[in-house]
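Step one of this worksheet: look at the structure below.
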Amino acid sequence: MATTATGGCLCSGVRFTIADPPSEVTVCHCDMCRRWTSGPMMALHPKTAPRMEATETLAWHRSSEWAERGFCNRCGASLFYRIVGKPDETYVSAGAVDDPGIFSGIGLAVFSDERPAFYDFKGDHTQMTGAEVFALFGGKNSGDDA
Ligand SMILES: [Zn+2]
Ligand SMILES: [Zn+2]
C-alpha cells in the first residue's frame, strides 16, 4: 500500500497530500452527492485530514447542518466532504487522487436506498441505507440527506 498519495483538481489550483491512504473506496449514492458529482460520490476516508499544498481556488459549500463540501471555484472539481467542526472527518474524492491504481475496490456503499436505478456496481461490498447510516453516526432523521 502507498504511504502517501497526492491529488488535486483539474486546474491544479487545489493540491493535497494524504498520509496512509486507505485502499478501498467509499461510495455515497445520496441525492445530494448525485447533484454534486453527477453520479455517486466515490471517496476515500483517510485517518487524518489531507495536508493542503495549494488552496488558491478552494471554496466550501455548507450543504447541510452538519457537513460542508470543498470544491475548486475555477475548474469546478468536487473535492472534499467534511463534518463541520471535525476536520479529521474529511472524505476526499477518489477521482482527484493522481494515481487511481492505489485503490483495490469498493469497501462500503452508503445511502444505497437512494441509488438511482440507471447504474449499479458489481462486486460484493457492504451496503447501508440512509437510515442505517444515521443510526450509526448519530441522530438525524432518516430521509435527510448527507
Ligand atoms: Zn481547479
Ligand atoms: Zn452523499
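All ligand and atom numbering here is 1-based and tracks the order in the structure.
Linking Ile, Leu, Val, Met, Phe, Trp and Tyr residues whenever their side-chain heavy atoms come within less than 4.5 Å leaves Leu10 and Leu58 in two separate clusters. Taken together through direct or relayed side-chain contacts under 4.5 Å among Ile, Leu, Val, Met, Phe, Trp and Tyr, Met52 and Val97 form part of one hydrophobic cluster.
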Could you list the donor-acceptor pairs under 3.5 angstrom formed between side-chain atoms of residues 33-40 and any protein atom two or more places apart in sequence or on another chain?
from, atom 1, to, atom 2, distance (Å)
Thr37, OG1, Cys33, O, 2.8
Thr37, OG1, Gly39, N, 3.1
Thr37, OG1, Gly39, O, 2.6
Thr37, OG1, Pro40, O, 3.4

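Protein N/O/S atoms closer than 2.8 Å to the Zn ion (ligand 1): Cys9 SG, Cys11 SG, Cys72 SG, Cys75 SG.
Cys30 lies close to the Zn ion (ligand 2), since one of its N, O or S atoms is found at a distance under 2.8 Å.
Across Glu24 and Ile106, no two heavy atoms sit closer than the pair OE2-O, 4.3 Å.
Side chain of Asp99 to backbone of Ala5: no donor-acceptor contact under 3.5 angstrom is found.
Note: Phe80 CZ to Phe71 CZ = 12.0 Å, rounded to the nearest 0.5 Å.
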